[in-house]
Amino acid sequence: MGKVRVRFAPSPTGYLHVGGARTALYNYLFAKQNQGTFVLRIEDTDLARSTEESINGVLEGMEFLGLTWDEGPYFQSKRLEYYKEAADKLLAAGRAYRCYCTPEELDQMRKAALERKEDPVYDGRCRHLTEEQRAELEAQGRTSVLRFKADNEGETSFDDLIKGQITFDNKQIDDFVIWKSDGMPTYNFGVVVDDALMEITHVIRGDDHVSNTPKQIQLYHALGYPVPKFAHVPMILGEDRTRLSKRHGATSVTQFRDEGYLPEAMNNYLALLGWSYDDSQTLFSMDELIEKFSLERVSHNPAVFDIQKLQWMNGVYIRDMDIDQLYIRVLAQWQKAGFLSENPSEEEAVKAKAVLKELQSRVKLLNELDEAAYYFFQDEVRYNQAVVEKILFKPGVADILSHLLNELLQLKEFTEENLEPIFKATIEKFDCKLGNIMQPVRVAVTGTNVSPSIYPVLTLVGRARTCQRLRDAVEMIKANEKGE
RNA sequence: GCCCCCAUCGUCUAGAGGCCUAGGACACCGCCCUUUCACGGCGAAGGCACCGGUUCGAAUCCGGUUGGGGGUACCA
């Protein structure tokens, strides 16, 4: 095998969706594994859809996932001269011709064919137009497109690296358009010219291109280009088993990034969506994926995107991360939330890391870290009213909290070791269970009944804030008693 | 309609004729750990779409049915 060259060729739709991301990933892995070249090419021949903004969406997604390309990005809109040259070649060789049919006429022809229960393929009526007829049509002001004179006899087949041999009857292939009246090449034409000129050896792309492949192969032949190998990756579906789209919720990589997913988890999950190694292994680093990925083991059938599993995997990566790493990842968002200053002091960093250590096994997304951590860094506590009523507004709670408050104020050092005996003593004094003390304290200090272990929570919140919150809670309870 | 592809637990999958009374992971349920919630540990439940072949023997091979996906554009 010569030097491997693969490409990812998205059309700019405003964002990189997970299906595209997975295709990009597979291309990337295949390139790296074979010391090949990974080319990025933007297929922006649809003038209406291609904007700079939507191109950035794609690039951002790629960068987030760390799928760095070795060449490009190339833009088809800037390569018109190459397509023109190839089209002229076809025209000169008699393998292409001008067609003057209007979209409306074509539409009618299709409908008529369908009614006659025939295949809705173009009938090639403009194939044999004479010079005079052409001149006349042009005099009428008709615009024209360029059609490829397809081979309608025999079969076209190729050996797909994932699906195996696939054969098409050439009767299905009509004289398709290669050049649009707006002056742009069509997709099928652009890909072929570019893949050939860029010397792409392996075309790894979505399943939805299978039926385009025979057309493209005919084009390769007509143009005298060598035909690359093809590998068609099955689609990703939503829960309802239809093609994954926006209405299934988050599908864009940047959106996942904004929701707190890690690129490592995304890559790992996406790699496994349609590919498996030996099935006892589910966690793969990028290096392992590069080493172990293979097209042969890519599944033949479409896969349903399972957000739950992605979420679980993200949690695994968060848990496995060392605290310094986690701190770096969360720094910006915590600064934005006001938990950390612009240039955090050593003291701030130490505290933040200690908080992260407590929270690490309790979140699945980076974003959850904001809500889970705010009470360590801010004075105000957001009380969950239902929980307050259930746990704080119970007889005797005010006494316990008041007692605890006094004890805590007298403590020499506000440490976990010193906290424990106080709680133990309080159990005895009030003759109750640990839970009867812990839970009210938890609610008073965190505003809710769910938090990390109480001793670390208290020490990290600090004596001042802890005591203040205990006082506030006692008052809240008393106010409630009066009100009733 | 026509063409192409596909078919193992709810989901992602292992399985390439006997190793399968079908294995793993997520989700779900139960138990343990535990001051709460997570994490962790243990366990349960759950599937070869159907019908015919081939074979001593089929989840695995063949045919059909059904079901799903994709395509059928001057979109990519």
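Throughout, a chain's letter reflects where its sequence line sits, starting with A, and its residues are numbered from 1.
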How far, in whole Å, is [M] from [N] if one measures between their [atom1] atoms?
{"N": "A76(B)", "M": "G53(B)", "atom1": "C1'", "result": "44 Å"}
{"N": "G24(B)", "M": "C3(B)", "atom1": "C1'", "result": "37 Å"}
{"N": "C48(B)", "M": "A22(B)", "atom1": "C1'", "result": "8 Å"}
{"N": "U13(B)", "M": "C9(B)", "atom1": "C1'", "result": "11 Å"}
{"N": "C33(B)", "M": "G69(B)", "atom1": "P", "result": "48 Å"}
{"N": "C2(B)", "M": "G47(B)", "atom1": "P", "result": "35 Å"}
{"N": "C61(B)", "M": "A45(B)", "atom1": "C1'", "result": "33 Å"}
{"N": "U36(B)", "M": "C20(B)", "atom1": "C1'", "result": "44 Å"}

Sugar-phosphate only, base, or nothing, as touched by [X] at under 4.0 Å among non-hydrogen atoms:
{"X": "C101(A)", "result": "base"}
{"X": "R297(A)", "result": "sugar-phosphate"}
{"X": "S299(A)", "result": "sugar-phosphate"}
{"X": "L272(A)", "result": "sugar-phosphate"}
{"X": "R442(A)", "result": "base"}
{"X": "V304(A)", "result": "sugar-phosphate"}
{"X": "N212(A)", "result": "base"}
{"X": "G274(A)", "result": "sugar-phosphate"}
{"X": "P234(A)", "result": "nothing"}
{"X": "H232(A)", "result": "nothing"}
{"X": "T448(A)", "result": "nothing"}

Of all the choices, [options], which nucleotide is nearest to the side chain of [X] once you look at every atom?
{"X": "W312(A)", "options": "A76(B), A25(B), G69(B)", "result": "A25(B)"}
{"X": "S181(A)", "options": "U11(B), C39(B), C74(B)", "result": "C74(B)"}
{"X": "K364(A)", "options": "C74(B), C39(B), C75(B)", "result": "C39(B)"}
{"X": "Q308(A)", "options": "A27(B), U35(B), G70(B)", "result": "A27(B)"}
{"X": "T282(A)", "options": "A25(B), C74(B), U36(B)", "result": "A25(B)"}
{"X": "V450(A)", "options": "U35(B), C37(B), G70(B)", "result": "C37(B)"}
{"X": "S453(A)", "options": "C26(B), U36(B), A76(B)", "result": "U36(B)"}

Inset, instruction - Please assess I437(A) against L401(A) for the test side-chain contact (heavy atoms from CB on, under 4.5 Å), listing each intermediate value before the final yes or no. - result: CA-CA 8 Å; I437(A) 297 171; L401(A) 294 184; over 6 Å; no
Can you measure [X] atom [atom1] to [N] atom [atom2] for me and round it to whole angstrom units?
{"X": "M313(A)", "N": "U13(B)", "atom1": "CE", "atom2": "P", "value": "12 Å"}
{"X": "L404(A)", "N": "U35(B)", "atom1": "CG", "atom2": "P", "value": "17 Å"}
{"X": "Y74(A)", "N": "A76(B)", "atom1": "OH", "atom2": "C1'", "value": "20 Å"}
{"X": "L283(A)", "N": "A25(B)", "atom1": "CG", "atom2": "C1'", "value": "10 Å"}
{"X": "D194(A)", "N": "A76(B)", "atom1": "CG", "atom2": "P", "value": "13 Å"}

[N] pairs with, by Watson-Crick or G-U criteria that keep both distances under 3.5 Å:
{"N": "G1(B)", "answer": "U72(B)"}
{"N": "U34(B)", "answer": "none"}
{"N": "G46(B)", "answer": "none"}
{"N": "U66(B)", "answer": "A7(B)"}
{"N": "C61(B)", "answer": "G53(B)"}

Legend entry - Cationic N near anionic O, under 4.0 Å, D160(A) to K229(A):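 A salt bridge is absent here (no side-chain N lies under 4.0 Å from a carboxylate O).
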Legend entry - Electrostatic pair K424(A):E420(A) at N-O distance under 4.0 angstrom: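 Salt bridge between K424(A) and E420(A), a charged N being under 4.0 Å from a carboxylate O: yes.
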Just by distance, with hydrogens left out, do [X] and [Y] show a side-chain donor and acceptor under 3.5 Å apart?
{"X": "T242(A)", "Y": "D240(A)", "result": "yes"}
{"X": "S453(A)", "Y": "E358(A)", "result": "no"}
{"X": "Y225(A)", "Y": "D195(A)", "result": "no"}
{"X": "D44(A)", "Y": "Q76(A)", "result": "no"}

No-H, no-angle donor-acceptor pair, [X] side chain to [N] base, under 3.5 Å:
{"X": "S361(A)", "N": "A38(B)", "value": "yes"}
{"X": "R362(A)", "N": "C37(B)", "value": "yes"}
{"X": "K309(A)", "N": "A27(B)", "value": "no"}
{"X": "R110(A)", "N": "U72(B)", "value": "no"}

Inset, instruction - Applying ring pair (Phe, Tyr, Trp, His ring centres under 6.0 Å), run through H209(A) and Y187(A) and close with a yes or a no. - result: CA-CA 11 Å; H209(A) 292 295; Y187(A) 162 75; 5.2 Å; yes
Legend entry - Candidate list F305(A), W312(A), F284(A), test ring-ring contact (aromatic ring centres under 6.0 Å, His included), partner Y269(A), passing option: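 Result for ring-ring contact (aromatic ring centres under 6.0 Å, His included) with Y269(A): F305(A).
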Inset, instruction - Please say which of R127(A), R147(A), R98(A), K149(A) ends up in a salt bridge (charged side-chain N to carboxylate O under 4.0 Å, His left out) with D175(A). - result: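 For D175(A), the salt bridge (charged side-chain N to carboxylate O under 4.0 Å, His left out) test succeeds with only one of R127(A), R147(A), R98(A), K149(A), which is R127(A).
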Quick one: is [N] close enough that its OP1 or OP2 comes under 4.0 Å of any side-chain N or O from [X]?
{"X": "S280(A)", "N": "G24(B)", "answer": "no"}
{"X": "R243(A)", "N": "G68(B)", "answer": "no"}
{"X": "R319(A)", "N": "G40(B)", "answer": "yes"}

Inset, instruction - Quick one: list whatever passes side chain to side chain contact (heavy atoms under 4.5 Å, CB included) with H221(A), sequence neighbours left out. - result: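 Result, side chain to side chain contact (heavy atoms under 4.5 Å, CB included) vs H221(A): I217(A), V227(A).
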At a cut-off of 3.5 Å, list every protein nitrogen or oxygen paired with a nitrogen or oxygen from nucleotides 1-7 of chain B, distance to 0.1 Å.
residue	atom	partner	partner atom	Å
C2(B)	O2'	D119(A)	OD1	3.2
C2(B)	O2'	Q172(A)	NE2	3.4
C5(B)	O2'	K163(A)	NZ	2.8

